[in-house]
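Here's the structure we're looking at; comments come further down.
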Amino acid sequence: MARRLSDYSEADVRVRPNKRGSRPRTKQRPAHEDATPGRVLAVDRGRFDVLVDGVRVRAMKARELGRKGIVVGDDVSLVGDLSGDPDALARIVRREARTTLLRRTADDTDPVERVLVANVARMLIVTAAADPEPRPRLIDRCLVAAWDAGIEPALVVTKADVADPGPLVAQYAALDVPALVVARRGDDPHEGLDAVRKLVSGGWSVLVGHSGVGKSTLVNELVPGAGRATGGVNDTTGRGRHTSTSAVALELPGGGWVVDTPGIRSFGLAHVDAEELVGFFPDLAPGTQECPRGCPHEGVDDCALDAWVASGSAGAGGAARLDSLRRLLAARGGE
Ligand SMILES: Nc1nc2c(ncn2[C@@H]2O[C@H](COP(=O)(O)OP(=O)(O)OP(=O)(O)O)[C@@H](O)[C@H]2O)c(=O)[nH]1
Ligand SMILES: [Mg+2]
């Protein structure tokens with residue numbers, strides 16, 4: 001019997017079979033339930049070093065991951081050749097959920113985020129007492145980024161043999177953040193290294209800071225045989241030479257991992273909510289209780305933070321910290 005067009009229902013419409021078989025094309029990707037878990041230790045031009053059951057495996061990203069970023073510290077799942085042979089190349093088919101994610105933007109209004117590292121519990125903000133000169137505003141930004149990401153920050157002041165680290169440490173004394181000082185005398189390893197070793201032992205930590213502050217030098221001392229290249233500081237500009245060019249995770253002899261990263265010039269915080277910023281200055285935040293409702297804490301005369309800092313409630317670094325906070329708030333306005 002002939003059917004009229006109106007007799008057809010949508011259920012009759014045949015899905016065009018795909019070229020490989022009769023199964024309709026769906027958005028479903030293969031589940032790769034048999035994939036093996038691993039953690040990314042290094043990323044270099046589209047190739048990844050992944051630790052799989054104690055073996056270092058080279059891998060590339062499977063096409064199905066598309067533009068999904070994978071960074072040092074990421075937990076991933078792999079298929080393919082996991083032998084770790086020099087010519088073997090496995091495929092990363094999945095990126096697992098991240099416990100922490102350290103991000104920054106080029107400036108405070110830039111929507112493009114760069115992910116630095118995933119799944120670290122601690123951030124060592126490395127600053128030199130001199131050569132290059134400390135830049136507290138960068139430290140303040142790193143602190144905000146760490147707390148925003150749920151990462152425990154600590155300050156490590158290097159080159160205490162070159163200049164007195166006291167004033168810098170005093171500036172942060174009001175914060176509940178460990179501040180460690182290290183100095184190098186002659187060819188010996190850093191004085192004060194034991195405290196750093198204790199701080200990073202067991203977990204995953206990332207070292208961040210300007211170029212030339214001594215991140216890779218510290219990593220080489222913490223991880224014998226790490227072989228990270230180090231570079232001097234330019235005599236004329238006083239700046240580092242950007243010796244390290246990519247992030248690498250290295251295993252500590254006593255357990256735990258440290259991630260050495262390339263020197264940064266800035267730490268954009270476009271991804272951090274302006275309303276939350278004050279909360280990431282715990283030495284200042286209590287002072288806002290006396291502020292008028294809706295106080296922007298910046299560009300107004302009746303903000304209570306000025307009196308809070310003047311009374312010494314925010315410690316020796318209060319004025320500089322308030323200046324940092326206000327610059328961050330102003331930058332939000334797109335200045
Ligand atoms: N005097 C002195 N020099 C140090 C100390 N720590 C590191 N240095 C020197 O500082 C220079 C820079 O050290 P690096 O370890 O390469 O610095 P970095 O932070 O890894 O730099 P980038 O990789 O460029 O980001 C090297 O010449 C080190 O020998 C220190 O405590 N005292
Ligand atoms: Mg380095």
Side-chain angles (χ1 to χ4, degrees), residues 43 69 71-73 100-118 120 122-151 153-159 168 171-172 175 177 205-216 218-219 231 233-234 236-248 259-274 276-281 284 297-298 317 319-335:
V43 181
V71 298
V72 170
T100 65
L101 185 57
L102 183 62
R103 308 172 274 175
R104 70 179 172 115
T105 53
D107 63 45
D108 292 328
T109 51
D110 183 6
V112 182
E113 288 177 6
R114 275 178 57 108
V115 177
L116 299 178
V117 61
V120 296
R122 193 175 280 289
M123 179 201 282
L124 269 53
I125 304 169
V126 186
T127 310
D131 296 337
E133 283 308 305
R135 289 236 315 257
R137 288 206 299 275
L138 184 76
I139 301 176
D140 294 337
R141 284 169 172 272
C142 290
L143 287 169
V144 171
W147 281 317
D148 177 58
I151 298 170
L155 302 181
V156 177
V157 183
T158 59
K159 311 201 189 186
L168 186 65
Q171 213 170 316
Y172 290 91
L175 288 173
V177 172
S205 306
V206 62
L207 283 79
V208 298
H210 270 140
S211 175
V213 294
K215 298 179 293 298
S216 302
L218 275 176
V219 165
V233 172
N234 185 306
T236 323
T237 63
R239 296 215 185 115
R241 297 174 195 271
H242 290 276
T243 309
S244 308
T245 53
S246 66
V248 173
V259 181
D260 188 15
T261 65
I264 47 169
R265 292 187 183 87
S266 62
F267 209 116
L269 295 171
H271 57 286
V272 180
D273 260 7
E276 288 184 51
L277 273 174
V278 183
F280 294 134
F281 285 75
L284 301 176
H297 312 307
E298 185 269 322
R321 296 270 297 156
L322 182 55
D323 178 53
S324 269
L325 170 64
R326 289 196 166 141
R327 282 169 187 268
L328 277 169
L329 290 167
R332 277 335 142 90
E335 256 182 39

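These numbers come from the heavy atoms of this one structure, side chains and all, not from hydrogens, waters or symmetry mates.
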Sequence neighbours excluded, the answer for side-chain hydrogen bond (donor to acceptor under 3.5 Å, both in side chains) partners of Arg141 is Asp108
Partner residues of Ser244 under the side-chain hydrogen bond (donor to acceptor under 3.5 Å, both in side chains) criterion, sequence neighbours left out =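 With neighbours one apart ignored, the set is Ser216.
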Quick one: side-chain contact (heavy atoms from CB on, under 4.5 Å) partners of [X], sequence neighbours excluded?
X	value
Arg137	Asp323, Ser324, Arg327
His271	Arg103, Thr105, Glu113, Asp148, Leu269
Thr237	Asn234, Arg239
Thr100	Val120, Ile151

Can you name the nearest heavy-atom pair linking [X] to [Y], along with the distance?
X	Y	answer
Ala330	Glu298	CB-OE2, 3.7 Å
Leu329	Ala274	CD2-O, 4.0 Å
Pro136	Leu168	CG-CD1, 4.4 Å
Arg135	Arg265	NH2-O, 3.2 Å
Gly212	Pro132	O-CD, 3.6 Å
Ala320	Gln171	CB-NE2, 3.3 Å

Side-chain contact test, heavy atoms from C-beta onward, threshold under 4.5 Å: evaluate it for [X] versus [Y] and give yes or no.
X	Y	result
Cys142	Ile125	yes
Leu116	Val206	no
Thr127	Leu155	no
Leu143	Phe280	no
Val248	Val72	no
Phe267	Val144	no
Leu325	Val278	yes
Val115	Arg104	no

How long is the span from the [atom1] atom in [X] to the [atom2] atom in [Y], to the nearest 0.5 Å?
X	Y	atom1	atom2	result
Met123	Thr261	CE	OG1	9.0 Å
Asp140	Leu328	CG	CG	7.5 Å
Leu284	Arg326	CG	CZ	9.0 Å
Asp260	Ser246	CG	OG	9.0 Å

Is it true that a side-chain atom of [X] and a backbone atom of [Y] form a donor plus acceptor pair closer than 3.5 Å?
X	Y	answer
Lys215	Gly209	yes
Arg241	Ser211	no
Tyr172	Ile139	no

Report the C-alpha distance between Val259 and Val219 in whole Å, list the side-chain angles of each, state the deciding distance to 0.1 Å, and finish with yes or no for side-chain contact (heavy atoms from CB on, under 4.5 Å).
CA-CA 8 Å; Val259 181; Val219 165; over 6 Å; no
